[in-house]
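See structure below.
When reading the values below, keep in mind they use all heavy atoms of this one structure, side chains included, and skip hydrogens, waters and symmetry mates. Sequence lines set the chain letters: A, B, ... in the order given, protein chains first and strands last, and positions in each chain run from 1.
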Amino acid sequence: DIKIGAIVSETGPASSLGDPEARTIRMMVEELNARGGIKGEKAKLVLYDDSGDPSKAKTFATRLVEDDDVVAMVGGTTTGTSLAILAVAEESKVPFISLAGAIEIIDPVKPYVFKTPHTDRMACLKIFGDMKSRGLTKIGLISGTDGFGASMRAQCLTVAKSSGIEIVADETYGPKDADMTPQLTNIRNKPGIQAILNSGFGQGPATITRNYAQLGITLPLYQSHGVASNAFIELSSAKNAEGVRLPGTALLVGELLDPKDPQKAVVLAYKASFEKVAGGAPVSTFGGYAHDAMRILTSAIAKAPSAKPAAIRDAIEATTGLVGTTGTYNYSKTDHLGLDLSAFRILEINNGGWKLVQ
Amino acid sequence: MRLSSKQSTLLVLAALIIVSPFFFPSNYYYRVGSLVFVNAIAVVGIVILTGYAGQISLGHAGFVGIGGYACALLPVHLGVPPALAVVLGAVLSGVIAYGVGRPILRLKGYYLAVASLGFGVLVAMVLANEGWLTGGPDGIKVPDPGLRTLLESLGIALTNPQFWYAFCGLVLFVGAWLALNLHDSPTGRALRALHGSEVAARTAGVDVAKAKLNAFVISAVYASVAGSLLALQNRLITPDVAGFMHSIELVTMAVLGGAGSVLGGIFGAALLTLLPQVLTVLQDYEHVVLGLVMMLVMIFLPAGLIPSARRLLRGRGE
Amino acid sequence: MLTVEGLRSRYGRIEVLHGVDLFVGSGEIVTVVGANGAGKTTLLRCLSGVQPVSGGAITFRGEAMTSVPAYRRVARGLAQSPEGRQIFTNLSVEENLRLGAFIFSDERVERDMADAFAMFPILREKRNQFAGGLSGGQQQMLAIARALMGRPACLLLDEPSMGLAPILVAQIFEVVKALKTLDVTVLLVEQNAFGALSVADRGYVMETGRVTMGGSADELIADPRVREAYLGM
Amino acid sequence: MSDLLQFLASGVTVGAVYALVALGFTIIYNASDVVNFAQGEFVMLGGMISVAGVAAGLPLPLAALIAIAVTAAIGVALNTFAIEPARGAPVVSLIIITIGASIFIRGVTQIVLDKGTHRLPSFSGDEPLHVFGATVLPQSLWVAAGAVAIFVALWLFFTRTLTGRAVLATSNNRLAAQLVGINTRFVMTLSFALSAAIGALAGVLITPILPTSFEVGISLALKGFAAAMLGGIGSPKGALTGGLLLGLMEALTAGYISSHYKDAVAFFVILAVLFAFPRGLYGSNPTERV
Amino acid sequence: MSLLQVEGLGISFGGVKAVNDVSFALDTGKIVSVIGPNGAGKTTLFNMISGVYLPKSGKVRLDGEDVTGMRPDLLAGRGMSRTFQNLQIFHEMSVLENVIVGFHMHERGPVLSDLLGLPGSRRRSRAAAEGARVLLERVGLERAAEREAGALSYGALKRLEIARALAARPRVLLLDEPAAGCNAVETEEIDRLICEVARTGVAILLVEHDMKLVMRLSDTIVVLDHGEKIAEGDPAVVSRDPKVIEAYLGAGTTEALHAHG
Ligand SMILES: Nc1ncnc2c1ncn2[C@@H]1O[C@H](COP(=O)(O)OP(=O)(O)OP(=O)(O)O)[C@@H](O)[C@H]1O
Ligand SMILES: Nc1ncnc2c1ncn2[C@@H]1O[C@H](COP(=O)(O)OP(=O)(O)OP(=O)(O)O)[C@@H](O)[C@H]1O
Ligand SMILES: [Mg+2]
Ligand SMILES: [Mg+2]
């Protein structure tokens, strides 16, 4: 057997990310084995739930490499847990593919650490690009105080100026808050404001969207890639979410993609099988990250001369042109992210569904 | 007789720390062991505050956070060696506990609980919000204290988890020893007395406000040291170590083990640290079983693991 | 009316009642005397059902009581004024009394309350004060009055005279005597053995969890052992 | 001006949510001195079970009723199987039992229902009402009305009914309560049933505003607990006031000072209030005589 | 100058004057009893003297020094010690430890020394424990020393409180109904104990409803009614005072008292 380790935050504050990740990973291992495994060997998955706690994540990482003898790890739903796991991965020389956004995971490059999601900075750049193209330059920022929101806020604040965007309001909210109208009222009152960007995931963005409608704000509203899932539309109700834009992956708009788009087949296949096992839960970007990580890992194991961690690592680093749900991965010695801005697409919510803007 | 109970506790503890590794098949077990010790250090502090003095704090994780971030920030910003940062963090926690404790310890019971909770929430919030200093919700890296390399140069080669197992075990042993000394000392008796009746303790000459403050400061130092050790061995610290849930967890460990008993607190910490590791085999049912175990322990051993077990044994003897 | 046979009870693993036998006839006043720690309070707690019984039987008005829960015993007519008063300190004096009549909801409650106030006028004065603020003796009066509010057929009194001024001690014993005329049976535990035996029909002596002596009040008062050990004469 | 009104509207909405949770703590506390840390789970169950009911095609009122009944039954079960067997245990041990129960309930919910986040439809639509330039969602009024109604009911219960007195008596002195003929076991059962039902009702009312998932209980319980303590634990008036105050402070801070520290300001105010009123705004203060 | 002087002490609760303008003095080695009907204000007076309540008016002087409203622990340091009518026991500590706490003023030391278990700290603890055993013997509880205090009967707890109060080696000892819950024989033991203590030069202030005990022990009796002092003097005089008989003793009791001598 080939043992693959996974550590995700199935429960805890990041469970809306970790849960689809866990489902995806389990599903893909099953599919893989149903197809006969890798090079004739069955894959065996050892998956732990760190409930969002980096210390637990570190313990589980130690357990995976020391006790379970896995050949590689995927996971690290949040930046915090990813950082905890990667320390173990580096020390014990077991490759690790992270599912978290922060750039510091792969910058500077660490030999055994890779990641699949875009960075927050890329999301900011993508959004700002779209804003500029619509002539929106004075914007208000509202962010969740959780790791995702705070980290994206920090990145957006850093790249705003160089993108020609002026941030005139900077508000925050707690991830479980019931009402954000005071913050939105203050943002709306800023003179000359042209658009609002929300960096956050979970239920907060849905509440923002509903409060937005309640207050009758008509400025364009941008959300982050953290809400890229149909659950968001459901929670905010389609009417309120109409016209909201966000940087998303091909995953949400599989049907709309040009048939020639290489991602189309991958995305549709993943969506179909996920929705079959997920009992009604819609696909989300995060499950997509896990999907891509597993694809990269399994194809690397298949290509590697032996199922030894070091060999697998080399094979991962050699991955090029691998088409995932998030984008097309081209890893190299100096790039352990392997994605560029083109992987992001600006989506708009339209009639309760998704529309490709470009 | 009392004395022997202290010695036997220390003996049991030392035996557990030293003998357990002989049964450890891999580094992972050292890692879990050291986490047990870290939690136990903080819990021994809670035992002093809650078990001895009867004061409930739901904000103690705040001090864990302070201790942890001291090890992350002081070396980077002030060039303090990480090992020394542990001490400075403890001093800082003590000072903050002194300042915070003076006003809030006038409150009683749940009101003290909510006030301390407020303190903990504030600490966690500052750690999460002041990203420029603390790295925000995703946490911050902690430098290596270099103690392991020091040992290595002395010819003692340990893996990272082994080193932290030994180090935290040692600190826990010292912490337990101090707490046991306190239990049967005049100060400790005064704490336990004011737990029973504040007026009576007062009329017996106990300066209740000061005694409570002492307990609060001491327990804050324990929490801080635990936080520092956690940060140093994880090489990373995040604001949720200071969060409400962690505070609750610490109190739960203390009560499960037996709030008034040092050994109980350590067992409580072990139980709640090990259980999630053991329960991973149950996958989805992990939380169900964890909750169930907590309830069952309290139903059948209402005074906590150790005191109730002791009572049962003693009863049989009579 | 009330029969206790071979009653055993324990705190944890330590047995403190080792087989107590006694009975109280209908309309009788029976007193139990004994040194500190003899088990008098434990006995009364067993009778009221708030202390687990590990052996023996309690029969009240011909009915086995041993497994009847505490709150039902009150409805059957067994009320207690407990040791240490045990009033509801956070509730007002009046609420304490009203709760004494918890099982009733007729207009007689008002009359009973008026009777209680007549017996202890200070309670009327303090009726709206929270009971925890009462003086020790006032709380004792409240505890007795509250027990009477339950219209007991058999009243268990645990040291009712404790903490009362001499003038009230005399009054309490008068009350006990008066209860007899109202057909209320009384089991009286008292340290004021002289006072108790003066109003009682019969008495028992308890020593370390056993009844060691029993007889008419006059016999006990005359008994030299009783005189020496409990009356201090 | 309209800004202020908007902030106040937000404060009342959020405050009413907190108040509803805080009110749920009162009965169990009054019966047993135990702060029930599973109260947030009752709220969560109210929401989650209703959501499941609606998803199964039941009309919302029926789903809500079922949710309340089921949650009340769970409350009773909690008392019967976990609290009652531990009778005589110290209060801290009982609190830990409720913490264990909350973990347990969360775990079971996640298995039996799901891990998703869900919303119930608003009772009276989503068309905001305009008041002097501020906007309020009709659901906010439902929540506020619910909080007031439960407050009135509780207040009447504790001051006007003998059963309410019996509840207070049970926590004040369980021994004495038994001696006056109160079935303390029943009082506890009733308290858990009522607290759970109130929690579930709160869950039904707030789920259209604050989406529910198996994990919402913790943060709700935390805020509800803080609100209850601010008002004075055990007092229905305190729970209502504490909840509203907490909500208003958060909204006004977010509006006028800084949204980054709105929770911090709220806790600062709680600390300040407790220094002036060590038992909260309306907490009873009967000192024991010595 | 007297050791303890109470001057015009007063306090009220919710407008009701619980104690009003009460004065008296207590000398070394003397026993002064405070008697009066239930609710007369005796316990409240104790609470003010011992610093548990802050008096609204009046002064308490100890050795001539004004100690009004001083914290109980500081008063304890100046030699004041008391028992409680509503028992205040450290339930979860052993009987012995309850008494050792009484020695707190004599055994306390630096926290650090206690934490480190330095020999000094251990020595102080040991000395206190030895003292405590002697006291337990004096109140007849030596056999219960290792038991949990919460498991004692009421009468035993009363005696435990006396032992704890004595542990402080007080100069002024306030006893609130020490004989409540004790039978005649046990009361006599307490009587003897109080006498002995007074003989060692401790000033004793006693509240007690057992008139035989009061009459036998007291050098002076202060009578309170409705918070006011209505009489003061030596036992023989006070017990015949018609005001006292009416408010407190009742006719029967007086006869009984004098009949027994
Ligand atoms: N809660 C308890 N736990 C353990 N033992 C107890 C407890 N309460 C009482 N005892 C023991 O039970 C025995 C009988 O006590 P009980 O209170 O019945 O005596 P009593 O005759 O009422 O004495 P007193 O006259 O002092 O009130 C005593 O030895 C006492 O120490
Ligand atoms: N904290 C308080 N709140 C309200 N009233 C109080 C308080 N303390 C005392 N009182 C009142 O003051 C009066 C005096 O009470 P105190 O306890 O001093 O009486 P006492 O003389 O000791 O009576 P007893 O002999 O019954 O113990 C009583 O009427 C009592 O109700
Ligand atoms: Mg008794
Ligand atoms: Mg008194």
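Residue with the most contacts toward chain D among B:L256, B:L292, B:V199, B:L112: B:L292 (heavy-atom pairs, distance under 4.5 Å). Heavy-atom pairs under 4.5 Å with chain B were tallied for D:G100, D:G107, D:G88; the largest tally goes to D:G100. If you tally non-hydrogen atom pairs under 4.5 Å between each of B:E286, B:M245, B:M294 and chain D, the highest count goes to B:M294. Your options are D:D33, D:I83, D:L230, D:T98, and the one with the most heavy-atom pairs under 4.5 Å with chain B is D:D33. Ranked by non-hydrogen atom pairs under 4.5 Å with chain B, the options D:A86, D:G232, D:S93, D:P85 are led by D:S93. With respect to chain B, the highest number of heavy-atom pairs below 4.5 Å among D:R87, D:M229, D:H260 belongs to D:M229. Ranked by heavy-atom pairs under 4.5 Å with chain D, the first of B:N129, B:V289, B:L290 is B:N129. Between chain B and the options D:I270, D:D263, D:I218, the largest number of non-hydrogen pairs under 4.5 Å is found for D:D263. Between chain D and the residues B:T50, B:L296, B:D284, the largest count of heavy-atom pairs under 4.5 Å involves B:D284.
With a 4.5 angstrom heavy-atom cutoff, B:I299 touches chain D via backbone and side-chain atoms both. Only the side chain of D:I95 comes within less than 4.5 Å of a heavy atom of chain B; its backbone N, CA, C and O stay farther away. Proximity to chain B (any heavy atom under 4.5 Å) is restricted, for D:F81, to the backbone atoms N, CA, C and O. For chain D, no part of B:F300 is nearby; none of its heavy atoms comes within less than 4.5 Å. For D:I111, the part lying near chain B is the side chain, with the backbone staying farther off; criterion is any non-hydrogen pair under 4.5 Å. Contacts of B:V126 with chain D are made by both backbone and side-chain atoms, with heavy-atom separations under 4.5 Å. Contact of D:F267 with chain B is made through the side chain alone, with heavy-atom distances under 4.5 Å. D:I96 touches chain B through backbone and side chain together, each having a heavy atom under 4.5 Å away.
For the pair B:K212/B:L49, no side-chain contact is recorded, criterion being any heavy-atom separation below 4.5 Å from C-beta on. No side-chain heavy atom of D:V35 sits less than 4.5 Å from a side-chain heavy atom of D:Q39.
Checked against the 6.0 Å centroid criterion, the rings of B:H183 and B:Y52 qualify as a close aromatic pair. Aromatic ring centres of B:F63 and B:F119: separated by under 6.0 Å. B:Y110 and D:Y29 have their aromatic ring centers within a separation under 6.0 angstrom. Within the 6.0 Å centre-distance limit, the rings of B:F216 and B:H60 are counted as a close aromatic pair.
From D:I27, atom CD1 reaches atom CE of D:M188 across 12.0 Å, with rounding to the nearest 0.5 Å.
Considering every non-hydrogen atom in both B:A211 and B:L191, the closest pair reads O-CD2, 3.3 Å. Of all the heavy atoms in B:S116 and B:L58, the pair that sits closest is OG-N, 2.9 Å.
Comment: B:R202 does not engage B:D207 in a salt bridge, judged by the lack of any side-chain N to carboxylate O separation of less than 4.0 angstrom. A salt bridge links D:E41 with D:R106: at least one charged nitrogen is closer than 4.0 Å to a carboxylate oxygen.
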